Amino acid sequence: MKTDTPQVPRGEGLGRTIILTAITAVITAVMFSQGKIPQDPKGAIALILTFLFANTLFFLIIYTGKTDRYRAVYFSTFAVMLIVSFISHMLEARGSMSLSEAKVFQCEVPFCHLVIPMTLVPIALTKTIIFPGSLIGGYASIASMFVLWIGATLALGRGFCSWSCFYGGLDDGFSRVLKRPVIKKINPKWIYLPFAVLLFVALTAAAYLSPTYCIWFCPFKAVTEFNAVTSTEILIQTIIFVSLFIGLVIVLPVLTKRRTQCAFLCPFGAMQSLTNKINVFDVRIDKEKCVKCKRCIQVCPTLSMSEESLEQGRTRITCMKCGKCIDSCPKGAISYHIKGTDIPGKRNTYRLLFLFAAFLFLAIFSSHIIQDGIVRILKLVTTGSMIS
Amino acid sequence: MPKIRSIAGYMWAGAAIIIVLATFFGSGFFSRTLVAASGVKISPLYSGGEVMRSVDHGSYKALIHRPVFDALIGESKEGFVQVNWEPLAGLPPVIEEPVDYNGDGKEDFSIRIDTKTGKATLTRINPLVLSVINTVKLDNGWVVRVQLKKD
Ligand code: SF4
Ligand code: SF4
Ligand code: SF4
């Protein structure tokens, strides 16, 4: 019989796993379909595949007791499908990936969460949003992204960065390409850089009333939308976007096996780290069980585990709650935890409560993007084009 | 005390799951409430500011926005005024518009736009009017922004 505090955590039994998966199956069926089956066969296939994909991964997470392995598959698929869906959408609406001046003047630029840190000071002082997007309605409206951000922050804290962000799956995916890292030593002080970037972009955005990170530094412009190169300034910006994307999202994650963009640049990630303080879930180390093998320090993609963490029994504030250290610990010393409760305590219960919140966020948030991505791919296969 | 903290922790964790579901179920409602309750708007630096006056030209109209000098605190030394013409279908090949941007009854500048080429010609009357910043064709018309100096 299984106890609630095993030496090395295992998954739930088959019966319990089926019951738990049935719960997510009902919720995801309702949320993914929004009460109706698409008439278009491609849409119906996409809905069924997305549903099966989500619930199979949830089943495996619960049954095997391994979180990160299956989470990463879902998270990276989300990121890839976002690119497929977003680019197709832009090509359909504008005929190109480049942002036209007309869309800026009409305030129709899709808003993403990375802009949020730059908007907060201007909102507080001028009650205005410094972004040419749509407040409500349209594709990726500002208010809907704020609501998602507030919900994710309350529910997951920086867990957002392993369970919700539609960009994070890219460097997460690339960090898994090689079996062993080529670059092993990274100065842990780099984890403070995103906080400096956060301060810099928040101040410059407030001073110029302009989202400076989006204009100058966002690596994801390279795979979403960018200004047509019509001046030297835009050419420099484009070179910066592409270089940061290739360097921090592809090359360095492959070579270091770390999520370098998320760990060493992203200002939103830095802001989200601060929200870990008000979130109920964290990752804790049972000091009695830990044998100081340092495996968790080696595998953490964000350098959120350190020798100090092992001494204190808690991760650094930058922890994204991905579960990789938990999966890797040979002694089962690390676990998800609910603040205010005992350690190790009812670790399986803590894990389940966290997983329900995190997994449902990922599944529901990604569902329409993954469905649209599948439809686009089916269109490509059957008609030779992803757009209508 | 530890028991109370533990119960509070579990309740908060349970609430996290409810928050996730509410975030998605109530997204439309929460978005509208957030905008209405906070009173936030798109910065006039992007929206062009509120329309101050509309001039009817028959098949099309000109919308003259308020001059925008908005800064984080107070006003900046330089700003702009935005003028839109719409609808696209009703516009003549060449638009000519005398503009009184400060509402003092006197013309401050006149702007001429060739809608075939997008070429804009500015005739400055008020010395606070500087130059044309942008001329852009929109889905439903044309827009121009003219740079201004603060009085
Ligand atoms: S650090 Fe930034 S890019 Fe990475 S997952 Fe978080 S919000 Fe997304
Ligand atoms: S992997 Fe586990 S046992 Fe090894 S140092 Fe980390 S917590 Fe301790
Ligand atoms: S400390 Fe563990 S859960 Fe947190 S980011 Fe690192 S590997 Fe993931």
Side-chain angles (χ1 to χ4, degrees), chain A residues 27 31 100-109 119 121-123 125-137 141-148 150-152 154-156 206-210 279-281 337-342 345 349-350 353-354 356-361 364-365, chain B residues 1-36 38-49 68 70-74 76 82 84 118 134-145:
Chain A
I27 297 172
M31 297 303 290
S100 68
E101 271 193 301
K103 294 294 163 198
V104 175
F105 273 82
Q106 288 167 184
C107 289
E108 290 175 0
V109 180
T119 61
V121 175
I123 288 176
L125 295 181
T126 68
K127 276 197 159 193
T128 65
I129 308 260
I130 52 162
F131 190 84
S134 144
L135 265 184
I136 297 181
S141 76
I142 295 169
S144 68
M145 282 311 302
F146 265 85
V147 168
L148 281 167
I150 294 166
L154 293 173
L156 309 174
Y208 296 104
L209 292 181
S210 163
N279 183 250
V280 70
F281 299 110
H337 170 251
I338 292 172
K339 286 179 187 164
T341 62
D342 296 338
T349 310
Y350 306 157
L353 283 167
F354 173 73
F356 265 104
F359 186 88
L360 284 175
F361 203 106
I364 301 170
F365 187 31
Chain B
M1 192 62 184
K3 191 146 182 92
I4 294 172
R5 279 183 31 209
S6 164
I7 292 170
Y10 277 117
M11 284 172 60
W12 191 4
I17 300 172
I18 294 165
I19 288 168
V20 170
L21 296 177
T23 298
F24 293 101
F25 270 116
S27 169
F29 168 76
F30 290 130
S31 298
R32 288 189 297 276
T33 309
L34 189 66
V35 171
S38 64
V40 289
K41 294 199 166 59
I42 300 294
S43 165
L45 296 171
Y46 298 96
S47 68
V68 174
D70 298 47
L72 187 66
I73 298 164
S76 60
Q82 177 169 319
N84 289 58
N134 316 72
T135 318
V136 178
K137 185 182 180 188
L138 306 178
D139 292 348
N140 192 32
W142 277 82
V143 62
V144 70
R145 277 189 184 179

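Throughout, a chain's letter reflects where its sequence line sits, starting with A, and its residues are numbered from 1. As the structure is a prediction and not an experimental result, all values here were calculated from the model.
Between B/F30 and A/I150, the closest side-chain pair of non-hydrogen atoms is not below 4.5 Å. Residues A/L209 and A/P122 are in side-chain contact: their nearest non-hydrogen atoms beyond the backbone lie under 4.5 Å apart. Side chains of B/S43 and B/D70 form no contact here, defined as non-hydrogen atoms less than 4.5 Å apart. The shortest distance between side-chain heavy atoms of B/Y10 and A/T349 falls below 4.5 Å.
For chain A, the nearby part of B/R145 is the side chain; its heavy atoms alone come within less than 4.5 Å. Heavy atoms closer than 4.5 Å to chain A are found in both the backbone and the side chain of B/V40. Both the backbone and the side chain of A/I130 come within less than 4.5 Å of a heavy atom of chain B. Both the backbone and the side chain of B/A13 come within contact range of chain A, with heavy atoms under 4.5 Å apart. Contacts between A/M31 and chain B at a heavy-atom distance below 4.5 Å involve the side chain alone, from C-beta outward. Of the atoms belonging to A/I136, it is side-chain heavy atoms, and not backbone ones, that fall under 4.5 Å from chain B. Interface remark: B/I42 contributes backbone and side-chain atoms alike to the contact with chain A (heavy atom separation under 4.5 Å). Heavy atoms closer than 4.5 Å to chain B are found nowhere in A/T119, neither backbone nor side chain. No part of A/D342 comes within reach of chain B, as not one of its non-hydrogen atoms sits under 4.5 angstrom from that chain. Of the two parts of A/I27, only the side chain, counted from C-beta on, holds a non-hydrogen atom closer than 4.5 Å to a non-hydrogen atom of chain B. Residue contact with chain A, scored on non-hydrogen atoms closer than 4.5 Å, involves the side chain of B/L34 exclusively. Proximity to chain B (any heavy atom under 4.5 Å) is restricted, for A/I338, to the side chain, taken from C-beta onward.
The choice from B/Q82, B/R32, B/K41, B/K137 that makes the most heavy-atom pairs within less than 4.5 Å of chain A is B/K41. In terms of heavy-atom pairs under 4.5 Å with chain A, the best-connected choice from B/T33, B/D139, B/L45 is B/D139. For the options A/L125, A/I129, A/V280, heavy-atom pairs under 4.5 Å to chain B are most numerous at A/V280. Counting heavy-atom pairs under 4.5 Å between each of A/I142, A/V147, A/I123 and chain B puts A/V147 at the top. Among the candidates A/N279, A/T126, A/I364, the residue making the largest number of heavy-atom pairs closer than 4.5 Å to chain B is A/I364.
Around OH of A/Y208, the count of heavy atoms belonging to other residues, nucleotides or ligands within 6.0 Å does not exceed 12.
For A/F281, the ring pair (Phe, Tyr, Trp, His ring centres under 6.0 Å) partners at least two apart in sequence or on another chain are A/F354.
Taking the six-membered ring for Trp and thresholds of 30 and 60 degrees, B/F24 and A/F365 have ring planes inclined between 30 and 60 degrees apart.
Atoms OG1 and CG, from A/T128 and A/L135 in turn, are 10.0 Å apart once rounded to the nearest 0.5 Å.
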message = side chain to side chain contact (heavy atoms under 4.5 Å, CB included), that's the test. Do A/S210 and B/Y46 meet it? Break it down for me.
response = CA-CA 9 Å; A/S210 163; B/Y46 298 96; 3.8 Å; yes
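Looking at B/T23, its side chain does come within 3.5 Å of a backbone N or O of B/I19 through a donor-acceptor pair.
Across every non-hydrogen atom of B/S47 and A/C107, the tightest pair is CA-SG, 4.0 Å.
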